[in-house]
K.L.:
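First, the structure itself, so that you have it in front of you.
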Amino acid sequence: RFDDYPLHELCLDACVKTRDIRNHMKRENHDHHHLSAFSTKDDETQMTPLHILTINPNASPGTILACFRFNPSACLDLDIMGLNPIDYAQKNSIESLVTLITALCINHIDHNIMYQPH
C-alpha cells in the first residue's frame, strides 16, 4: 500500500516495534534526511507515519512515542479526512492517546523553558 514510503509501510506492520522506528531513524540519519521520512505525507491519504501508527492496533504506546520524538508537530498534521494522529489515538487506544498528549505537554514545557527570554 505504501510502496513509495518505507517508514509508512513499517508503521503499518502488525509486528512494528520501538526498535524498528529507532533503526529506521539511524539509517535515515546516515542519509542526512533524518526528519524527512517522519514528516512526509503519503500522496493518497495525506497521512504521516504517526497517523499510521495510531491506526495500527498492534503499535504500542512506546512505539508511537518513538515516532513522535522524531517529529512532534506531526501530532497536529491533518490527513485527507481532516483528522490528526490524536484523533485516531482517541478512537483506537486510550493508552496511546494519553501517551501522545503527555508527550505534547512535556515537549511544550521543554520548548518554553529552552526558549524563554532571560
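In this chain, numbering begins with 1 at the start of the sequence shown. Computation of the quantities below employed the complete heavy-atom set of this structure, encompassing side-chain atoms and omitting hydrogens, waters and symmetry-equivalent molecules.
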K.L.:
Could you tell me whether the side chains of Thr99 and Thr102 share a donor-acceptor contact shorter than 3.5 Å?
P.N.:
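Checked: Thr99/Thr102 side chains show no N/O donor-acceptor pair below 3.5 Å.
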
K.L.:
I need the minimum non-hydrogen distance between Pro49 and Cys67, along with the two atoms involved.
P.N.:
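Smallest heavy-atom distance, with atoms named: CB-SG, 4.0 Å.
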
K.L.:
Does Glu95 have any side-chain contact (heavy atoms from CB on, under 4.5 Å) partners at least two apart in sequence or in another chain, and if so, which?
P.N.:
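For Glu95, the residues satisfying side-chain contact (heavy atoms from CB on, under 4.5 Å) (neighbours in sequence not counted) are Pro61, Ser93.
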
K.L.:
State the NZ-CZ distance between Lys17 and Arg22, to the nearest 0.5 angstrom.
P.N.:
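These two atoms lie 13.5 Å from each other.
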
K.L.:
Going from OG1 on Thr54 to CG on Leu83, what distance comes out if it is rounded to the nearest 0.5 angstrom?
P.N.:
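Interatomic distance, Thr54 OG1 to Leu83 CG, rounded to 0.5 Å: 9.5 Å.
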
K.L.:
Show, in sequence, the C-alpha distance, side-chain angles and deciding distance for Tyr5 and Met47, and conclude whether the side-chain contact (heavy atoms from CB on, under 4.5 Å) test is met.
P.N.:
CA-CA 11 Å; Tyr5 305 93; Met47 289 184 169; over 6 Å; no

K.L.:
Tell me the closest heavy-atom pair linking Leu100 and Ala89, and the distance in Å.
P.N.:
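Looking at all heavy atoms of both residues, the closest pair is CD1-CB, 4.0 Å.
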
K.L.:
List the atom of Gly82, the atom of Asp87, and the distance in Å for their closest heavy-atom pair.
P.N.:
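Minimum heavy-atom contact is O-OD2, 4.3 Å.
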
K.L.:
Could you give me the CA-CA distance, side-chain angles and deciding distance for Asp20 and Thr18, then say whether side-chain hydrogen bond (donor to acceptor under 3.5 Å, both in side chains) is met?
P.N.:
CA-CA 5 Å; Asp20 300 327; Thr18 304; over 6 Å; no

K.L.:
Is Leu65 reachable from Ile86 through a run of I, L, V, M, F, W or Y residues, each pair having side-chain heavy atoms under 4.5 Å apart?
P.N.:
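Yes, one cluster joins them.
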
K.L.:
CG of Asn92 to CG of Leu53: how many Å apart, nearest 0.5 Å?
P.N.:
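The CG atom of Leu53 is 11.5 Å from CG of Asn92, to the nearest 0.5 Å.
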
K.L.:
Rounded to the nearest 0.5 Å, how far apart are CZ of Phe68 and OG of Ser73?
P.N.:
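Rounded to the nearest 0.5 Å, the CZ-OG separation comes to 9.0 Å.
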
K.L.:
Measure the spacing between NE2 of His51 and CG of Asp42 and express it to the nearest 0.5 Å.
P.N.:
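Here the rounded value is 9.5 Å.
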
K.L.:
Any idea which heavy atoms bring Ile21 and Thr63 closest together, and the distance?
P.N.:
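Closest approach of Ile21 to Thr63: CG1-CG2, 3.7 Å.
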
K.L.:
Hydrophobic cluster membership, with links at side-chain heavy-atom distances under 4.5 Å among I/L/V/M/F/W/Y: are Leu78 and Ile80 in one?
P.N.:
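No, it is not one cluster - the side chains of Leu78 and Ile80 are not joined through contacts under 4.5 Å.
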
K.L.:
Would you call Leu50 and Ile64 a side-chain contact if the rule is heavy atoms closer than 4.5 Å?
P.N.:
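In contact.
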
K.L.:
Counting C-beta onward and ignoring hydrogens, is there a side-chain heavy-atom pair between Asn84 and Asp77 closer than 4.5 Å?
P.N.:
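They are not in contact (no side-chain heavy atoms under 4.5 Å apart), so the answer is no.
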
K.L.:
Testing the basics here: between Asn56 and Cys11, what is the closest heavy-atom pair and its distance to 0.1 Å?
P.N.:
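It is ND2-O, 2.9 Å.
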
K.L.:
Could you measure the distance from the CD atom of Gln90 to the CD1 atom of Ile101? Nearest 0.5 Å is fine.
P.N.:
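Reported to 0.5 Å precision, the distance equals 8.0 Å.
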
K.L.:
Would you call the rings of Phe70 and Phe38 parallel, tilted or perpendicular if under 30° counts as parallel and over 60° as perpendicular?
P.N.:
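Answer is tilted, since the angle falls between 30° and 60°.
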
